[in-house]
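As structure tokens, the structure follows; a few thoughts come after it.
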Amino acid sequence: MTTPELPTQYAPADVETHSYQRWVAEGYFTADVGSDREPYTIVLPPPNVTGVLHIGHALDHSIQDALTRRARMRGLETLWLPGMDHAGIATQNVVERELAKEGLSRHDLGREAFVERVWRWKEESGGRILGQMVKLGDGVDWSRERFTMDEGLSRAVQTIFKRLFDDGLIYRAERIINWCPRCLTALSDIEVDHSEDEGELVSIRYGEGEASIVVATTRAETMLGDTAVAVHPSDERYAHLVGTTVEVPLTGRRIPVVADEHVDPEFGTGAVKVTPAHDINDFEIGRRHGLPSLVILDERGVITAHGPFEGLDRFEARPAVVAALRAEGRIVAERRPYLHSVGHCSRCKTVVEPRLSLQWFVNVQPLAKAAGDAVRDGRTRIHPPELAKRYFDWVDDMHDWCISRQLWWGHRIPVWYGPDGETVCVGPDEEPPPGYVQDPDVLDTWFSSGLWPFSTLGWPDRTADLARFYPTTVLVTGYDILFFWVARMMMFGLYAMDGVPPFQTVALHGIVRDQYGKKMSKSTGNAVDPLDWISRYGADATRFTLLRGASPGSDVAISEDWAAGSRNFCNKIWNATRFALMNGASVAAPLPAPAELTVADRWILSRLTAVTGAIDAGYDDFEFAKISDQLYHFAWDEVCDWYVELAKIQIASGGDVAERTRLVLGHVFDALLRLLHPLVPFVTEELWRALTGGDSVMKAAWPSPSEAYADRPAEEEIAALQELITEVRRFRADQGLKPGQRVAARLSLTGTALPAHEPAIRTLLRLDEPSEGFTATARLALGAGEIELDTAGTIDVAAERKRLEKDLAGARKEAAQAAGKLGNEQFMAKAPDEVVAKVRARALQADADIARLEGQLAALPAA
RNA sequence: GGGCGCUUAGCUCAGCGGUAGAGCACUCGCCUUACAAGCGAGGGGUCACUGGUUCGAACCCAGUAGCGCCCA
């Protein structure tokens, strides 16, 4: 076989694009719905159409790509389905900003033209992330790519809406919802981010004299809409006031003092102002006491109440109201800054305004119950299991879900209103009655992404894909969206698919952090751009860095140094395989039987078997950090540092041994590249093709541990060899002998298991045969054997003494510890036999070491 | 306010009842023909603190402190 010339350094850029294009062209990523193989399905959590690939995607995708590549190699019919969601608010914002540059608003265009414009934007500049996924190497089935706004998925949305509506699980009601005064739309609870912000706490006196009462608030301006003051029923301080009325300052309105269980007597003065139209808790109090709701803010957060504050923005109105109150002597206390929790729009960061309005809701109770039960009874497994509790906390106490959005971009609510207030919900193939008008609102984006695991497979049609690939095998996503997205897919999946949950397993990972464990963000400037890393270190190195840190449910810390380390690892694999190729490594013949192989061969094959088993176990639990570490250690420390060095000697010896060594090398590297492929697909593809002449490592079978090659004695023998070699190297280093300097030595290895390894020992340690005038200047006692060296001059006695004394101290400590245990009656009586045996063995070894070291020290010339 | 988690080498983490580990960083010596993106050797930790259980605790239990996350 002719071996192609490989450069001495791996250059990712030279192979990545080409390999990816070939994989796509060959259809390797395309799932075959007609095969009779067992299916393995993952749906990609759809990124936003506005999104670009960030490091969190890179982690999420690396895990999914590893899982699906391995599944394919294991012979499963594997589908990894890609796509994007339409990101209602985010996308609308992007296009509105674009319009603003032209001096236009969406209202200038009108709804239809605006939506057309968004589609145009989507075609031209949306979905940049898809091209970036290619750079990472994502093996997704592009022939099945979907978009939440495409025709099929829109049909799924309308179908499930109609079904839920008919089942009475969707309703319209006037409620306090989260409102973004900038986006001008309702938000669900999960689209609101809470943060501890600096505000003010102002205490205001309502009423006069004996009948006055002081309330504390962070939102003084809302007093214009107060319709009560509430106190706790058992609060004696205010008992005499309950049932009376007090005057709201600045307005002249009189409002009642009510008693309500939900007031915290410990907070502030124990009395709170009640603004039912602008606070969720106050709304509830208002409902319990039949209070009116006084709306004082418009949709943009501007004061509408008549008077001097009318027309002021809520944040301008606040100091203005406080100033006016102060002028009237109403301010009793002020705390500024006052830290308290404030909700922000997750899209534009504007402070959210609780707002009373008419919206559509999903009654989640029965759906959430089913979603919880599916995990409780094990139909869906959450991994790691500790995180299941968070899921239960969420689904077992879920609030009804506000699904209407006052946007233009999205799935329009399929409800039409008749001239006399009739309401009709229209299914996908139905027509609304003539003269009816459609509800102007659109649905929350999560409403459509909640259908993702089955709408993408063709639901509501009973497609072949749906029958074959649903339920999906595993969902891979961050724990940060466990509640909303995962819970919603669970609810909808169970509801739409006759109680079959959408995932067998939900595998959760953490978020990516910097090397100090800090969250990455643009503002702190510690964010890593995966595309930057891909261009500088390669896609494989980028992936490996992330996977190497990925333990289930835990955050991943990364840094530039570690990316460089991963690149070095890829390069190491590259060069080691290059060495194998240059030395005729081959998979042209089967691996010889163990009896025909050297101890070194049997050792590396035994280790390969053990590692293969460990990798499989790692995949079962999504332990990518462990998988990566196992492979890193095996490839670098065992294959490269030891086996390759021993193989060089075997090959140099020629004959059958050399031929068999070439086969072992070939098979070991073949297996290693296959095992590594799901993690680092590009470098392994290039090398595997060169090594085996095969078409693609993607099509190679996943290695299985071969017990026939498990070989405990060989592992022990090589361990002893490594120990001996390391010991002599240590001597050489301490004596300042240059690595290349050859030293004459006499080896006495009888009594050890190592005589057969003398050639290896001589080569690796650069020890020459003793010649005529050999005079030993140093004597190393190593277990039962001895190595005498002629260092051709005086040796550094002080360095040698230091080294031996250090070893002796260690051995004495060891002996003392073991003796202590063996002399402890309780230990001898209660510890298990194998532990006692182990300690006995340690004591014997330590005693032998002490004798040996003392002998060597005594033999040293006086300093 | 409620709940969860974490605290092990300079950094990031593994180990979860029987002699403290890895990667990176660090020190020393080396361009030894697969690889200097490398090779060889080495230094470095009262496993947060205080008690308890146990023959034996980084590991189990209780408490304390600090940090982080989620929910309200």
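Quick note on labels: first sequence line is chain A, next is B, and so on, each numbered from 1.
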Given the ring of A/Trp642, does A/Arg729 sit roughly above its face, with NZ or CZ under 6.0 Å from the centre of the six-membered ring and within 45° of the axis? yes
Distance between the C1' atoms of B/rU19 and B/rC24, in whole angstroms? 27 Å
Using heavy atoms to find the nearest nucleotide of RNA chain B for A/Ala11 and A/Ser554 separately, return the residue whose nucleotide is more 5′. A/Ser554
Whole-Å distance, A/Trp394 CH2 to B/rC71 P, equals 7 Å
For the side chain of A/Arg729, starting at C-beta, report the closest nucleotide among B/rA34, B/rA37, B/rA41. B/rA41
Please pick, from B/rU32, B/rA37, B/rA34, the nucleotide with the shortest atom-to-atom distance to any side-chain atom of A/Met582. B/rA34
Answer yes or no: does a side-chain N or O of A/Lys738 lie under 4.0 Å from OP1 or OP2 of B/rC30? yes
I need the CD1-P distance between A/Ile558 and B/rC11, as an integer number of Å. 19 Å
Under 6.0 Å from the CG atom of A/Asp620, do we count more than 12 heavy atoms belonging to anything else shown? yes
Taking atom P in both B/rG66 and B/rC49, compute the distance separating them and give it to the nearest angstrom. 16 Å
Is there a donor and acceptor pair closer than 3.5 Å between the side chain of A/Lys572 and the base of B/rC35? yes
For a quick check of understanding: with a heavy-atom distance under 4.0 Å over all strands, which category does A/Cys640 fall into, base, sugar-phosphate or nothing? base
Side chain of A/Ala576 (C-beta onward), nearest among B/rA37, B/rA34, B/rG3: B/rA34
Contact class for A/Arg730 vs. all strands (heavy atom < 4.0 Å): base, sugar-phosphate, or nothing? sugar-phosphate
Answer yes or no: is there a donor N or O on one side and an acceptor on the other, between the side chain of A/Arg548 and the main chain of A/Ile558, under 3.5 Å? no
Is the phosphate of B/rC24 approached by A/Ser559 (side-chain N or O, under 4.0 Å from OP1 or OP2)? no
Of the residues in residues 814-840 of chain A, which ones touch RNA chain B at a heavy-atom distance under 4.0 Å? A/Glu814, A/Asn824, A/Gln826, A/Phe827, A/Lys830, A/Ala831, A/Pro832, A/Val835
Under 4.0 angstrom, heavy atoms only, what part of the nucleic acid is A/Gln630 near: base, sugar-phosphate, or nothing? nothing
Counting any heavy atom closer than 4.0 Å, what does A/Ser551 reach on the DNA or RNA strands: base, sugar-phosphate only, or nothing? nothing
Using the P atom as the point on both nucleotides, what is the distance between B/rC16 and B/rC59, in whole Å? 13 Å
Look only at the side chain of A/Asn824 and the backbone of A/Gly820, and say whether a donor-acceptor pair between them is shorter than 3.5 Å. no
Side chains of A/Asp670 and A/Trp688: donor-acceptor distance under 3.5 Å anywhere? yes
Side chain of A/Ala557 - closest among B/rA34, B/rC70, B/rC13: B/rC13
Just the rounded figure in Å: distance from P of B/rU12 to NZ of A/Lys519. 17 Å
Choosing from B/rG23, B/rA14, B/rC30, which nucleotide comes nearest the side chain of A/Tyr632? B/rG23
To the nearest angstrom, the CD1-P distance between A/Ile382 and B/rC70 comes to 18 Å
It should be established whether A/Trp636 places a side-chain nitrogen or oxygen under 4.0 Å from OP1 or OP2 of nucleotide B/rC24. no
Hey, are A/Asp637 and A/Tyr632 close enough side-chain-wise for a donor-acceptor pair under 3.5 Å? no
Test side-chain hydrogen bond (donor to acceptor under 3.5 Å, both in side chains) applied to A/Glu623 - qualifying residues, sequence neighbours left out: none
Quick one: A/Arg662 CZ to B/rA34 P, roughly how many Å, whole number? 14 Å
Could you please name the option among B/rG23, B/rG29, B/rA37 that lies closest to any side-chain atom of A/Trp562? B/rG23
Check whether any side-chain nitrogen or oxygen of A/Lys626 sits under 4.0 Å from OP1 or OP2 of B/rG15, and answer yes or no. yes
Below 4.0 angstrom, N of the basic side chain to O of the carboxylate: do A/Glu727 and A/Arg803 qualify? yes
Answer with base, sugar-phosphate or nothing: what part of the nucleic acid does A/Arg842 contact at a heavy-atom distance below 4.0 Å? base
When rounded to the nearest Å, what value does the distance between C1' atoms of B/rA36 and B/rG29 take? 14 Å
Which value, in whole Å, describes the distance between the C1' atoms of nucleotides B/rU27 and B/rC61? 43 Å
Give me the one residue out of A/Leu724, A/Leu764, A/Leu721 that meets side-chain contact (heavy atoms from CB on, under 4.5 Å) with A/His757. A/Leu721
Ignoring the backbone of A/Arg390, work out which of B/rC70, B/rC35, B/rA37 is nearest its side chain. B/rC70
Nearest to the A/Asp561 side chain among B/rC35, B/rC11, B/rA25, which nucleotide is it? B/rA25
Say you pick atom C1' in B/rG45 and the same atom in B/rU8; how far apart are they, in whole Å? 7 Å
Please state how far atom CZ in A/Arg578 lies from atom P in B/rU33, giving the value in whole angstrom units. 13 Å
Is the terminal nitrogen or CZ of A/Arg488 (NZ for Lys, CZ for Arg) located under 6.0 angstrom from the six-membered ring centre of A/Trp401 and within 45° of that ring's axis? yes
Between C1' on B/rG68 and NZ on A/Lys518, what's the gap in Å once rounded to a whole number? 10 Å
Would you sketch RNA chain B in dot-bracket for me? Only Watson-Crick or G-U wobble pairs with both distances under 3.5 Å count, crossing pairs as [ ], other-strand pairs as |, the rest as dots. ((((((((.[[[[.)..(..]]]].(((((.......))))).....[[[[[..)....]]]]]))))))).
What's the gap between B/rG44 and B/rA20 when it is taken at their C1' atoms, as a whole Å value? 13 Å
Measure from the side-chain heavy atoms of A/Asn575 and tell me the nearest of B/rC30, B/rC11, B/rC35. B/rC35
NA contact type, A/Arg732, heavy-atom cut-off 4.0 Å: base, sugar-phosphate, or nothing? nothing
Assign each of A/Val556 and A/Gly565 the nucleotide of RNA chain B bearing its closest heavy atom; nearer the 5' end lies the nucleotide of A/Val556
Does A/Asn575 form a side-chain hydrogen bond (donor to acceptor under 3.5 Å, both in side chains) with A/Tyr10? I'd like the steps, not just the answer. CA-CA 8 Å; A/Asn575 276 293; A/Tyr10 171 54; over 6 Å; no
Between B/rC55 and B/rA25, how far apart are the two P atoms, rounded to whole Å? 46 Å
If you look at every strand shown and take non-hydrogen atoms under 4.0 Å, does A/Asp641 touch a base, only sugar-phosphate, or nothing? sugar-phosphate
Would you indicate whether A/Gln365, at its atom CD, is surrounded by more than 12 heavy atoms from other residues, nucleotides or ligands within a distance under 6.0 Å? yes
Does CZ belonging to A/Arg288 count more than 12 external heavy atoms closer than 6.0 Å? yes
What is the distance from CZ of A/Arg803 to P of B/rG42, rounded to the nearest Å? 10 Å
